[in-house]
Each structure stands twice: as structure tokens, then as C-alpha cells.
Number of protein chains: 2
Amino acid sequence: MNKRANPVLHRDDPDKAPLHGHVKVTREDWLNVARDALVNDGVGEVKVLTLGERLGVSRSSFYWYFKSRKHLLEALLDDWEQRNTQLIITNTELPALNITEAACNFFRCFVDPSQFDQGLDFAVREWSRRETSVRLRIDAADTARIAAVVRMFQRHGYSDYESDTRARIIYFMQLGYHALEVRESMKTRMGRLEGYLLGFTGVAPDPEALKTFIDFAQSIDSHG
Amino acid sequence: MNKRANPVLHRDDPDKAPLHGHVKVTREDWLNVARDALVNDGVGEVKVLTLGERLGVSRSSFYWYFKSRKHLLEALLDDWEQRNTQLIITNTELPALNITEAACNFFRCFVDPSQFDQGLDFAVREWSRRETSVRLRIDAADTARIAAVVRMFQRHGYSDYESDTRARIIYFMQLGYHALEVRESMKTRMGRLEGYLLGFTGVAPDPEALKTFIDFAQSIDSHG
DNA sequence: AAGGGCCTGGACAGTCTTGTCCAGAATTTT
DNA sequence: AAAATTCTGGACAAGACTGTCCAGGCCCTT
């Protein structure tokens, strides 16, 4: 289903390439295949044996780098936390002449796969439904993200109340959009952008900001 | 995490209550605990042994009613399909004097847990991410639901284009809202309703329709 | 109350998983 | 070059799960 480059031993340093028989991996390698399994198959499929097979290495190796499977999952969670939330907050705080531009800034990181890892975010969200500790962390992340979007609307003259509801609409919709794993073409996506912005902001989108964003999205699409 | 009444042998017919030692269950019982496990713990936790323990029955019994675990999952999917989608479509087609009333009709089934089983819907959605066959079925469901909401906007004078984007906003947001598993009080939820409706429809909500819906939601909350 | 079909319990086999132990290969340090 | 350290392979133990087989308990019909 969800394809992404399979990070099976593609380390940067060619000196550490395997020789013959006795393959060596790093802690990073284990983490990478684990993240990949988490995103594509869910936390339940993050199995030591499977990861080892993907790395072409015995299971025993795993226990050198991690105390147990539980510790690996913990590391995975730390890894996620350092990536996504701060990115959204930064984007909502970028300078913008009008609310259209501001909203487009918000969308920027979601359109560009190299910025926000939607698969990872959603995998962690799914995981959080079953693990209270994970749930607490993602709840805090959501709260912080929504608060940032609320401030964005406030800076552009919306009342506290309207900022609150509009922020939730735009953030929840972004989540719902991804929950469906919509695989629309970028062209289709951009075709609806004007209508979305009208709904989100309540005003006709600024044509200048709209065009700038669409150009950005197209460039991502072609050689991103 | 997700609590719901544990349907552990609460059949309607008291005549079939267990006697002593030799407990009897029905195919429905297996399906019910299976659905419960699916919703609360995910498809991965729908295990014959676990379900049997919950029913207070040996695993062997299972294989009388179902050929295999796979067949149980298939039955679970059929069960879901018969519940949720048609309900949404019906609600969008209810007579409404204005778009506010229409949107509230759409929300009705989501506010009332006895109507739309959000937990089940989301569990199937999660399941669909890993099983292509499930994915196909839920994609068809989403398409049908969105199309129904589009028609709703069209009937209230929105252009085809605006109906399309607004329908997606309202449907995606509904999904995103649930993806977060927000556990707000009904009061908090209704407090934001006016702002949500403004965002969705682009016009100030009709006070009459707004009040009617809030009253309905409150009544659900108290003794629903 | 005897027979027969419906349904369950328990035993068994097979697979997959985590985690431990230790010999020894590969690499680095001395 | 020897010694120490780092890391892997393979064997072993234990537990969870699926699916099969069949004796026999329960209940309904006759």
C-alpha cells in the first residue's frame, strides 16, 4: 500500500559496506527500518525478526543496540517528536501580508513531502489510540499546533472566537484529508484550493498569494 | 482507552442463558465481541483465543460458526457496510429550509452515538490502510458520502465548484475531528458550532435552526 | 426414553514471536 | 602481533496464536 523507498542498508559511508558473510549495521539502520515498518505496516508489525531480515542480519544483533523491543519503540517516538510539530508552528508564524498567504504558508509543509512526514505523523496517531503514553504526547502536539494556527488567524484580524473555530476547521480538515489518504493529482488538488481558502478564511483569496502557492506546489510536484 | 459496554454474552433471549459448565453462544455473540475488539483494539487484536475467553467459551466453538479467522473478518466487514454509509446519505437528504438546517442534519448522526458508530467507522478506516480489499470498500463509501454532501450544498444554491469544496471541508473536518478522538463536553462542542457553521456555509447561521440543533444535542447528551 | 444432530472441551501439531547465552568473527587499540 | 573490544550467528527456552481432530455433553424430535 504505502510505498516509500525501502531503507535497507543504504548508509552514506561506503567504507562501512558489508564485506562477506559478516554484515554490520548501525543503531541508525535499525531505527530507519523500524520507522519504515511503523509507517507502512503499523506498530504491530515492528518486529525484531522482520527488521533483522530486512537488514540481512541476525536478530541477536538487535539486542546489542537496544535493550528490548520496547526500548526501540521509545526511540521511535523520540525520533518523531523532534520532527513534525515544530515545523507546523514555524510555518504558521511566517510573515504574511494577508490571511490567504498565511493559510498557504500553513499548507506549505503538507504539500511538500520533504518537510512534513504525514505518514509518520499518522502512524504515530494510530499508535496513540492503543497506547496511553503515546496518546499523551500526541495530544500535547495537537494542542500546540492548533494554538499556533489560532494565533495566525488572530494576527490577521479575526476575533478570538472566529480564530478558534477557523483554526480547528483548517487543522481538522488537514487531518481528515490525510486520513482518507487521498491520492489526487497535484493539479486536482490545486484546482480546489481557491474554494478551500474561501471556506477557511471567509473571504475571497488574494490572487497574488494564491498564484505564488500554486506555483510552489507545481514545482514540488515536478521535481520534488 | 476506548471504553464501550463490553458485550460479553448479553443476549436478548434469557432462555438461552448458560446453565452450568456447558456454555452456549451464537454466531452473533462471536460477531459482537469481534466487532468490539476491532473497535477498541484494532483488527490485529481480533484473535480467536481472546474472543473465546471473553465469551467464556473454548476456542473450538469458534470453528463451528466460522471457517477461519479470515471468514470472521469478512463477516465483520459486511456488518460495517450495512450500517454507516446509508445513514449519512439519508441525513444529507432530509428536508431543510436553509443550509444551516441542512448542515445540522448532517451533523445529527455524528452527535448521536446511537446512530453513527464512529468507532467502528474509524476502526475499519485504520484497517483499510493495510488491507487492499478493505481499502476498496471504504474508498467507495467515502466517495458516495461526499457526493451526497455535494448534492446537499447544490440544492441550497451553491455553485457546483463551491459545493464540491465545501462538501469536502465539512466531511474531512468531521473525520479529522474524530481522528483526534476529541473528548470535549457537549457544551464546549456546541459553543463552537456557530463558528463552524459560518466557516462551512460562508453565511451567518440561521438562529432558529441553530437552536433546534443545540437542543437536540443537549438532549442526546443528558439521556442518550 | 432413546436416538440423532448440534455444539463444546481438551489434546495435539505447527508457526511465529521475544529474549538469553555464548562462541567466535571482525575491528580497533595497545 | 597480540590483546581487548565490538558486534553477529546459531542454539535454546518460553509463550501466543491458528487450525485440526474427536470424544462426549446437551437438547430436540420422535
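Protein chains get the first letters and strands the later ones, always in sequence-line order, with residue 1 at the start of each. Quantities reported herein were computed from a predicted structural model and do not represent experimental measurements.
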Inset, instruction - Check DNA chain D against residues 65-72 of chain B and give the residues with a non-hydrogen atom under 4.0 Å, in numerical order. - result: B:Ser68, B:Arg69
Legend entry - Heavy-atom check, side chain of A:Arg166 versus side chain of A:Thr201, under 4.5 Å: no
Inset, instruction - Sequence neighbours left out, what passes salt bridge (charged side-chain N to carboxylate O under 4.0 Å, His left out) with B:Arg192? Give chain and number order. - result: A:Asp164, B:Glu184
Inset, instruction - Check whether NZ of the Lys or CZ of the Arg B:Arg108 lies under 6.0 Å from the centre of the six-membered ring of B:Phe213 and within 45 degrees of that ring's axis. - result: no
Legend entry - Partner set under salt bridge (charged side-chain N to carboxylate O under 4.0 Å, His left out) for A:Arg59, not counting sequence neighbours: none
Legend entry - Side-chain-base donor-acceptor pair under 3.5 Å for A:Ser60 and D:dG10: yes
Inset, instruction - For the side chain of A:Tyr63, starting at C-beta, report the closest nucleotide among D:dG10, C:dT8, C:dT20. - result: C:dT20
Legend entry - Positions of residues 44-52 of chain B (non-hydrogen atom under 4.0 Å from DNA chain C), listed by number: none
Legend entry - Gap between atoms CZ and C1', on A:Arg27 and D:dT8 respectively (whole Å): 18 Å
Inset, instruction - Round to a whole Å and report the spacing from CZ of B:Phe62 to C1' of D:dC17. - result: 12 Å
Legend entry - Phosphate OP1/OP2 of C:dT8 contacted by B:Ser61 side-chain N/O (<4.0 Å): yes
Inset, instruction - Please state whether the base of C:dG19 and the side chain of A:Arg59 form at least one donor-acceptor pair under 3.5 Å? - result: yes
Legend entry - Rounded distance in Å - CD (B:Glu53) to C1' (D:dG15): 13 Å
Inset, instruction - Would you please classify the geometry between the A:Phe110 ring and the A:Phe116 ring as parallel, tilted or perpendicular, with 30° and 60° separating the classes? - result: perpendicular
Legend entry - With sequence neighbours excluded, residues passing salt bridge (charged side-chain N to carboxylate O under 4.0 Å, His left out) with B:Arg145: B:Asp121
Inset, instruction - Can you figure out which of D:dT20, D:dG9, D:dT8 approaches the side chain of A:Lys24 most closely? - result: D:dT8
Legend entry - Heavy-atom side-chain proximity of A:Leu72 to A:Phe62 below 4.5 angstrom: yes
Legend entry - Pairing residues for A:Asp139 by the salt bridge (charged side-chain N to carboxylate O under 4.0 Å, His left out) criterion, not counting sequence neighbours: A:Arg135
Inset, instruction - Would you mind reading off the distance between B:Asp29 atom CG and C:dC7 atom P, rounded to a whole angstrom? - result: 12 Å
Legend entry - Distance in angstrom units between B:Trp64 CH2 and C:dC6 C1', rounded: 6 Å
Inset, instruction - Answer yes when A:Asp221 and A:Lys187 have at least one side-chain N-carboxylate O distance shorter than 4.0 Å, and no when they do not. - result: no
